[in-house]
Amino acid sequence: MDLMTVITNTLGELIAPTTAAYALAAIGLNIHFGMTGLMNMGQAGFMLLGAYGFAIVQMMGGNLFASLCAAIALAVIYALLLGIPTLKLGPDYLAMVTLAAAEIIRIIGRSTAMTKLTGGSAGISPQDFTTQFESLSPLPNESTTVLLWTYSNNIADSWWLRIVAWALVAIAALLCWRWFHSPWGRVLKGIREDENAIRSLGKNVTVYKMQALILGGIFGALGGIVFVLPRSVQPDSLGRAVTFYAWTILLLGGAATIFGPIIGSCLLWVLLTFVKELMRGAIPDTVISSNQVESLGWVIVGVALMCLVIFRPQGILGDRKELAFNA
């Protein structure tokens, strides 16, 4: 593998739909943790519900708007079910409940009893739920080369999907910027710092926390839709590791910042792809197998992230004075 291929594949992650999907999920976590101090350890559950809601309504013949509304509705209901019994308690309870609930959703999705609806462990194939999205594209049905990258305009991992995915990320960042600088956002920041002080001012802290949980969950659901559009809806692909990646992205870029989740997502996947591509090109298969390259790539990136946490715990864009991690 030559150097140009390594560079092309690595930089391609900057505009990949998966990178955008994780950016959306991390933006949702930023509303939960960065703005409000909520410890959501099950963002993958919101993503999986969004993916299932969108795909199942598409399979049943619904239009794109109905499918999107179904995904958002499931995220709202899920947030309510999680928040009502836990938000009045400490942050540890929400962390435990969200972690367990995300696993419950994954297990239900892959169970044989739900095969007719969710496809079971095999999931829902992309041709069952992507046709309407692809037909909405104004681009011609061909491949297009832009700078270093050549992709299909409309099918699967396409330019059309990239345009829509990153447009959603831009809208999410704009909304977060507006919310962060609004009176509502300042109340959330106060809750993160000292919720008893906010409660003493007559604010209903539980309602504000619920609003933040719902909004962050909606962004997670949108991230789940973007994540599955170039692939199938497979429950195990949105398991515990996805929540770990989203948290890594958030803390890497900087919590309580507007562009931190976006920068974190781009940096994580570019760095990981570069390390893997470089090892595949430099190390013969007789020395290290492809599966070992995958594992070793995560080890190297993990060590780099550990160094970042040690020497810059607030993340790349974060401000140590802005964020109280013990909120």
Side-chain angles (χ1 to χ4, degrees), residues 1-23 25-26 41 43-44 47-48 99 102-103 106 110 121-123 125-126 143 145-152 156-158 161-162 165 223-224 226-253 261-313 315-316:
M1 183 179 296
D2 58 23
L3 182 60
M4 183 54 66
T5 303
V6 172
I7 293 173
T8 301
N9 293 341
T10 299
L11 295 181
E13 291 300 311
L14 287 172
I15 57 172
T18 299
T19 305
Y22 275 103
M41 301 304 295
Q43 187 72 333
M47 296 177 72
L48 189 55
L99 178 63
E103 276 299 285
R106 184 184 67 83
R110 73 190 310 275
S121 58
S125 59
S143 296
T145 300
V146 178
L147 299 178
L148 300 174
W149 309 290
T150 301
Y151 301 110
S152 168
D157 192 20
S158 63
L161 176 56
R162 283 167 166 77
V226 173
F227 183 84
V228 300
L229 277 173
R231 53 178 66 86
S232 63
V233 182
Q234 212 283 333
D236 291 333
S237 67
L238 286 167
R240 293 184 301 273
V242 172
T243 298
F244 167 74
Y245 299 154
W247 271 101
T248 302
I249 287 165
L250 176 63
L251 299 180
L252 173 62
I262 302 172
I263 297 298
S265 184
C266 292
L267 187 60
L268 175 65
W269 299 115
V270 165
L271 179 61
L272 181 63
T273 303
F274 176 74
V275 170
K276 290 179 179 179
E277 294 287 342
L278 197 62
M279 286 194 295
R280 288 191 180 100
I283 304 176
D285 293 339
T286 55
V287 177
I288 184 171
S289 67
S290 178
N291 289 337
Q292 290 172 326
V293 166
E294 289 288 326
S295 301
L296 186 57
W298 277 111
V299 170
I300 295 172
V301 172
V303 171
L305 292 173
M306 288 170 58
C307 293
L308 179 70
V309 170
I310 293 171
F311 296 108
R312 191 173 175 82
I316 295 172

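Positions are given from 1, in the same order as the sequence printed here.
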Q: Do the side chains of Y151 and V146 get nearer than 4.5 Å, heavy atoms only?
A: no
Q: Step by step, work out the salt bridge (charged side-chain N to carboxylate O under 4.0 Å, His left out) result for D157 and R162.
A: CA-CA 8 Å; D157 192 20; R162 283 167 166 77; 2.9 Å; yes
Q: Kindly compute the distance separating CD (Q43) from CZ (F244), expressed to the nearest 0.5 Å.
A: 15.5 Å
Q: Considering residues at least two apart in sequence or located in another chain, which fulfil the side-chain contact (heavy atoms from CB on, under 4.5 Å) criterion with L267?
A: L252, I316
Q: Please name the pair of heavy atoms, one in F227 and one in M47, separated by the smallest distance, quoted to 0.1 Å.
A: CB-CE, 4.5 Å
Q: Please list, chain by chain and in numerical order, all residues satisfying side-chain contact (heavy atoms from CB on, under 4.5 Å) with I288, sequence neighbours excluded.
A: I283, Q292, V293, L296
Q: From T8 OG1 over to L148 CG, what is the distance, rounded to the nearest 0.5 angstrom?
A: 4.5 Å
Q: Taking all heavy atoms of V242 and all of Y22, pick out the closest pair and write down the distance.
A: CG2-OH, 3.6 Å
Q: Please give me the minimum heavy-atom distance between S143 and S152, naming the atom from each residue.
A: OG-CA, 3.8 Å
Q: So do L272 and E13 actually touch side chain to side chain, heavy atoms under 4.5 Å?
A: no
Q: For residues L238 and V228, determine if any side-chain heavy atom of one lies less than 4.5 Å from a side-chain heavy atom of the other.
A: yes
Q: Got L14 and T19 here, is their nearest side-chain heavy-atom distance under 4.5 Å?
A: no
Q: Name all residues meeting the ring-ring contact (aromatic ring centres under 6.0 Å, His included) criterion together with F274; count only those two or more places apart in sequence or in a different chain, and write none if there are none.
A: none
Q: Could you tell me which residues satisfy side-chain contact (heavy atoms from CB on, under 4.5 Å) with A165, sequence neighbours excluded, listed by chain and number?
A: A20, V226
Q: Looking at residues at least two apart in the chain, or sitting in another chain, which of them share a salt bridge (charged side-chain N to carboxylate O under 4.0 Å, His left out) with D236?
A: R106, R110
Q: Could you work out, with side-chain hydrogen bond (donor to acceptor under 3.5 Å, both in side chains) as the rule, every residue matching T273, not counting sequence neighbours?
A: none
Q: Going by side-chain contact (heavy atoms from CB on, under 4.5 Å), name the residues that satisfy it together with S158, two or more places apart in sequence or in a different chain.
A: W160, L161
Q: Could you tell me the separation between the OG1 atom of T18 and the CH2 atom of W269, rounded to the nearest 0.5 Å?
A: 7.5 Å
Q: How far apart are the closest heavy atoms of L250 and P261, and which atoms are they?
A: CD1-CG, 4.0 Å
Q: Atom CD1 in I249, atom CD1 in I262: separation rounded to 0.5 Å?
A: 11.5 Å
Q: Would you say Q234's side chain and S121's backbone share a donor-acceptor pair under 3.5 angstrom?
A: yes
Q: Among residues at least two apart in sequence or on other chains, which ones pass side-chain hydrogen bond (donor to acceptor under 3.5 Å, both in side chains) with T145?
A: T150
Q: Considering all heavy atoms of both residues, which atom of S232 and which atom of S125 are nearest to each other, and what is their separation?
A: CB-CA, 4.1 Å
Q: Decide yes or no for W298 and V275: does some side-chain heavy atom of the first lie under 4.5 Å from some side-chain heavy atom of the second?
A: no
Q: Which pairs count as side-chain hydrogen bond (donor to acceptor under 3.5 Å, both in side chains) when at least one residue sits in residues 237-253, sequence neighbours excluded?
A: E103-R240
Q: For G123 and P235, work out which heavy atoms get closest and say how close.
A: CA-CD, 4.4 Å
